[in-house]
Number of protein chains: 2
Amino acid sequence: MRDKKYHHGNLKEALIEAGLEILSESGLSDLSLRTCAARVGVSHTAPKNHFGNMNGLLTAIAARGYEQLAEHMRRGLPENPTRHEVRNAAFEGYVDFARAQPALFELMYSSGRTTRDDPALKAGVGACFEILREASMNLDWDKAGAPDAELRAQIMSWSLVHGFAQLLLAGKLDKDATKALGVLDVVPDFGFRA
Amino acid sequence: MRDKKYHHGNLKEALIEAGLEILSESGLSDLSLRTCAARVGVSHTAPKNHFGNMNGLLTAIAARGYEQLAEHMRRGLPENPTRHEVRNAAFEGYVDFARAQPALFELMYSSGRTTRDDPALKAGVGACFEILREASMNLDWDKAGAPDAELRAQIMSWSLVHGFAQLLLAGKLDKDATKALGVLDVVPDFGFRA
DNA sequence: AGATAATATATACACTGGAAACATTTGATC
DNA sequence: GATCAAATGTTTCCAGTGTATATATTATCT
């Protein structure tokens, strides 16, 4: 880094990755414009050109998070997976991701820190939502047959797995409870009747 | 308030209520030691004597939040409620509370801002958990009969209703989806088979 | 080459939580 | 009642935060 250039060249991407690193290493409270900028070696006002403000940077980081979450939910799937395999992978991957990246997960689902209408963010959320749609198909819930049975099952699946992940991260499920249930064992098989 | 006394007399309680008001009126981002202290008319370092630091104040506020949530989950119950009425009231009350107090709800379930081991906080969480236990009794899930079937049903109930509430607050369920489902209509009757 | 836009810096400001020293009041003990 | 210790608040200061403004540097396009 002898000849440090005035223009970084790929600052936008570098800042997002710096943010992801900070979230992974430290936590959400240590993620700031200044820590991100410092890690990249740039002044703390440089991000403004690419993200507008803190909200914009956080939104971009959260969007990347949803992409990673979608990856996680498809990880380890065989070539032509059965519907049951898709469901198991999706639910296991969801909780796995939350536990592996708690700070990022918290940012992704916090209400005021990100901009909901952001296209990249909505795309990431949409990718996850699509996986959950596939994972929830042909679930024989009680109200199956109702006009919006599929959407209903999809939202219930998402609620169930997300609520479980969040309660886990928030420490609301004590160790006895989770151990008795087998945590990851209970998740993919939430009592759904195939 | 002519003769303003040096000692407030009930500062601890006043600060908690000020915090609840700020959360209700403005939002989590506007809640600070200084805004709380200013609302009570006291210096911004006064809270230290009662709560130690910001974390302590937030923990106390969150604990109060769980008490309010427990109230909400029992609101409007008749004298000798049926199990179905208990369940409906608990689930409706849970989502109702989240929508009525989104900022407080976010604080209550955020990971790093509060101290998990705090006795008052644990008591509040315990009260809610107990209501959920009652609301989940005799649920005929697939794995009913297993040694920990009841705890399992309890955790699933909590995950389901909490996940739904959080996804709602985070704006992940678009209006078409929630409208198609009837939101509060779907909550108390999540496909449980009585 | 020269104008213009994009990108990064420098500086200043209001805000935050917390540490330290000090002031005031309360309450217990003699 | 006087006295001394503990509890309760204030004052002052500091490092850290996001952002607005003005400025400097580079890239791009005609």
Between [X] ([atom1]) and [N] ([atom2]), how many Å, whole number?
{"X": "H8(B)", "N": "dT26(C)", "atom1": "NE2", "atom2": "C1'", "result": "17 Å"}
{"X": "K12(A)", "N": "dA8(C)", "atom1": "NZ", "atom2": "P", "result": "12 Å"}
{"X": "I22(B)", "N": "dT16(C)", "atom1": "CD1", "atom2": "C1'", "result": "14 Å"}
{"X": "F51(B)", "N": "dG17(C)", "atom1": "CZ", "atom2": "P", "result": "14 Å"}
{"X": "R34(B)", "N": "dG9(D)", "atom1": "CZ", "atom2": "P", "result": "18 Å"}
{"X": "K5(B)", "N": "dT10(D)", "atom1": "NZ", "atom2": "P", "result": "14 Å"}
{"X": "N10(A)", "N": "dA8(C)", "atom1": "CG", "atom2": "C1'", "result": "15 Å"}

Start with the C-alpha gap between R74(A) and E134(A), add the side-chain angles, then the distance that decides, and say whether salt bridge (Lys or Arg N to Asp or Glu O under 4.0 Å) holds. CA-CA 11 Å; R74(A) 287 231 148 98; E134(A) 298 173 16; 2.7 Å; yes
Classify the nucleic acid contact of [X] as base, sugar-phosphate or nothing, counting any heavy atom under 4.0 Å across all strands shown.
{"X": "H50(B)", "value": "sugar-phosphate"}
{"X": "N49(B)", "value": "base"}
{"X": "S29(A)", "value": "nothing"}

If you compare every side-chain N and O of S32(A) against the phosphate oxygens of dT17(D) (OP1, OP2), does one of them come in below 4.0 Å? yes
Test side chain to side chain donor-acceptor pair (under 3.5 Å) on T115(A) and N55(A) and set out the steps. CA-CA 7 Å; T115(A) 302; N55(A) 201 283; 2.5 Å; yes
Return the nearest nucleotide to the side chain of [X]; candidates are [options].
{"X": "K48(A)", "options": "dA8(C), dG9(D), dT21(D)", "result": "dT21(D)"}
{"X": "T45(A)", "options": "dG18(C), dT11(C), dG9(D)", "result": "dT11(C)"}
{"X": "M54(B)", "options": "dT19(D), dG17(C), dG9(D)", "result": "dG17(C)"}
{"X": "H44(A)", "options": "dT17(D), dA8(C), dT11(C)", "result": "dT11(C)"}
{"X": "N53(B)", "options": "dG18(D), dG18(C), dT9(C)", "result": "dG18(C)"}
{"X": "L11(B)", "options": "dT9(C), dG9(D), dG18(C)", "result": "dG9(D)"}

Are E17(A) and K12(A) within salt-bridge range, i.e. N to O under 4.0 Å? no
Mutual orientation of the aromatic rings belonging to H162(B) and Y109(B) [parallel < 30°, tilted 30-60°, perpendicular > 60°]: tilted
Verify, without hydrogens or angle tests, whether S110(A) (side chain) and L107(A) (backbone) share a donor-acceptor contact under 3.5 angstrom. yes
